[in-house]
Asker: 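The structure follows.
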Amino acid sequence: MKAGATFSEKVHAAASKIPLGKVATYGQLAALAGNPRAGRAVGMLMSKNRDANVVPCHRVVSSAGALTGYSMGKGVVTKMSKLKKEGVVFKGEKVDLAASLWKGN
DNA sequence: CGTATGACTAGCT
DNA sequence: CAGCTAGCCATAC
């Protein structure tokens, strides 16, 4: 990890680390970035879409596995579609964290 | 530099 | 079980 890397840099690195067919929560990424309480900041970075084509931000969901936000396509619809396509297990409108939560790190 | 905002989370009612 | 409030954080304006 690069010292002096800004929060967004760390978040991008962690998000890029998420394997296919798996998802991570905002809080988890925030924790990997060094701040377990910065879940809001993580989501904000994604909303700004600075990494839309650099990081698989669609693999990031809320702590409950619910698909939140997504500033591209049809929003959560497109997000869910991509995740399903990648092999993520869905439970209704939410992700089955018990089966698809990334335990990386 | 100070204020406002948002794709969060946990706790309480 | 569902809805609302309060707390925390980094970025944008």
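Note that these values count all heavy atoms, side chains included, but never hydrogens, waters or copies made by symmetry. Order of the sequence lines fixes the chain letters, A, B, ..., with proteins taken first and strands second; residue numbering starts at 1 for each chain.
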Asker: Keeping the roles fixed (side chain from A:S100, backbone from A:V23), state whether a donor-acceptor pair exists under 3.5 Å.
Answerer: no

Asker: Ignoring hydrogens and geometry, is there a side-chain-to-backbone donor-acceptor pair from A:K82 to A:R59 under 3.5 Å?
Answerer: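 No; zero donor-acceptor contacts below 3.5 Å.
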
Asker: Return no unless some side-chain N or O of A:S47 is found under 4.0 Å from OP1 or OP2 of C:dA12.
Answerer: no

Asker: Distance criterion of 3.5 Å, no angle test: do you see the side chain of A:Y70 paired donor-to-acceptor with the base of B:dA7?
Answerer: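 Under the 3.5 Å cut-off, the side chain and the base do not form any donor-acceptor pair.
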
Asker: How long is the line joining CE of A:M44 and P of B:dA7, in whole Å?
Answerer: 8 Å

Asker: How far apart are the closest heavy atoms of A:M46 and A:A15, and which atoms are they?
Answerer: CE-CB, 4.4 Å

Asker: Counting side-chain heavy atoms from C-beta on, which of B:dA7, B:dT9, C:dC9 comes nearest to A:M46?
Answerer: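 Of the candidates, B:dA7 comes closest.
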
Asker: Between A:Q28 (CD) and B:dA10 (C1'), how many Å, whole number?
Answerer: 17 Å

Asker: Give the nucleotide from the list B:dT5, B:dC8, C:dA12 with an atom nearest to the side chain of A:K48.
Answerer: C:dA12

Asker: Rounded to whole Å, please give me the gap between CG in A:N49 and P in B:dG6.
Answerer: 15 Å

Asker: Can you measure A:E93 atom CD to C:dA2 atom P for me and round it to whole angstrom units?
Answerer: 13 Å

Asker: Give the rounded distance in Å between these two atoms: CE of A:M80 and P of B:dA7.
Answerer: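 Interatomic distance, CE of A:M80 to P of B:dA7: 17 Å.
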
Asker: Once you apply a heavy-atom cut-off of 4.0 Å, does A:S71 come out as touching a base, just sugar-phosphate, or nothing?
Answerer: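 A:S71: base contact, heavy atoms under 4.0 Å.
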
Asker: How would you label the contact of A:K79 with the nucleic acid (heavy atoms, under 4.0 Å): base, sugar-phosphate, or nothing?
Answerer: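 Base contact.
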
Asker: Check for a donor-acceptor pair, side chain of A:K79 on one end and backbone N or O of A:T68 on the other, with a separation under 3.5 Å.
Answerer: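 Yes, A:K79 side chain to A:T68 backbone: donor-acceptor pair under 3.5 Å.
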
Asker: For A:L67, which contact category applies under a 4.0 Å heavy-atom criterion: base, sugar-phosphate, or nothing?
Answerer: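 Nothing: the residue A:L67, judged by heavy atoms under 4.0 Å, touches no strand.
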
Asker: Classify A:A41 by what it touches in the nucleic acid, base, sugar-phosphate, or nothing, heavy-atom distance under 4.0 Å.
Answerer: base

Asker: Please tell me which of the listed nucleotides, B:dT9, C:dT11, B:dA7, lies nearest to the side chain of A:S63?
Answerer: B:dT9

Asker: By the 4.0 Å heavy-atom rule, please label A:G39 as base, sugar-phosphate, or nothing.
Answerer: sugar-phosphate

Asker: If each of A:T6 and A:R40 is mapped to the nucleotide of DNA chain C with the nearest heavy atom, which maps nearer the 5' terminus, i.e. the 5' end?
Answerer: A:R40

Asker: C:dC8 P sits how many Å from A:L45 CG, rounded?
Answerer: 20 Å

Asker: Figure out the CZ/C1' separation between A:R37 and B:dG11, and round it to whole Å.
Answerer: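 A:R37 atom CZ is separated from B:dG11 atom C1' by 14 Å.
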
Asker: Which whole-number value in Å describes the distance from A:L29 CG to C:dT11 C1'?
Answerer: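 About 17 Å, once rounded to whole Å.
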
Asker: Any donor-acceptor pair under 3.5 Å linking the side chain of A:S81 with the backbone of A:T78?
Answerer: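 Side chain of A:S81 to backbone of A:T78, a donor-acceptor pair under 3.5 Å: no, none is there.
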
Asker: Of all the nucleotides listed (B:dT9, C:dT11, C:dC9), which has the minimum atom distance to the side chain of A:N35?
Answerer: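 For the A:N35 side chain, the nearest candidate turns out to be C:dC9.
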
Asker: Hey, does A:F7 reach any base, or is it just sugar-phosphate, or nothing, if we go heavy atoms under 4.0 Å?
Answerer: sugar-phosphate

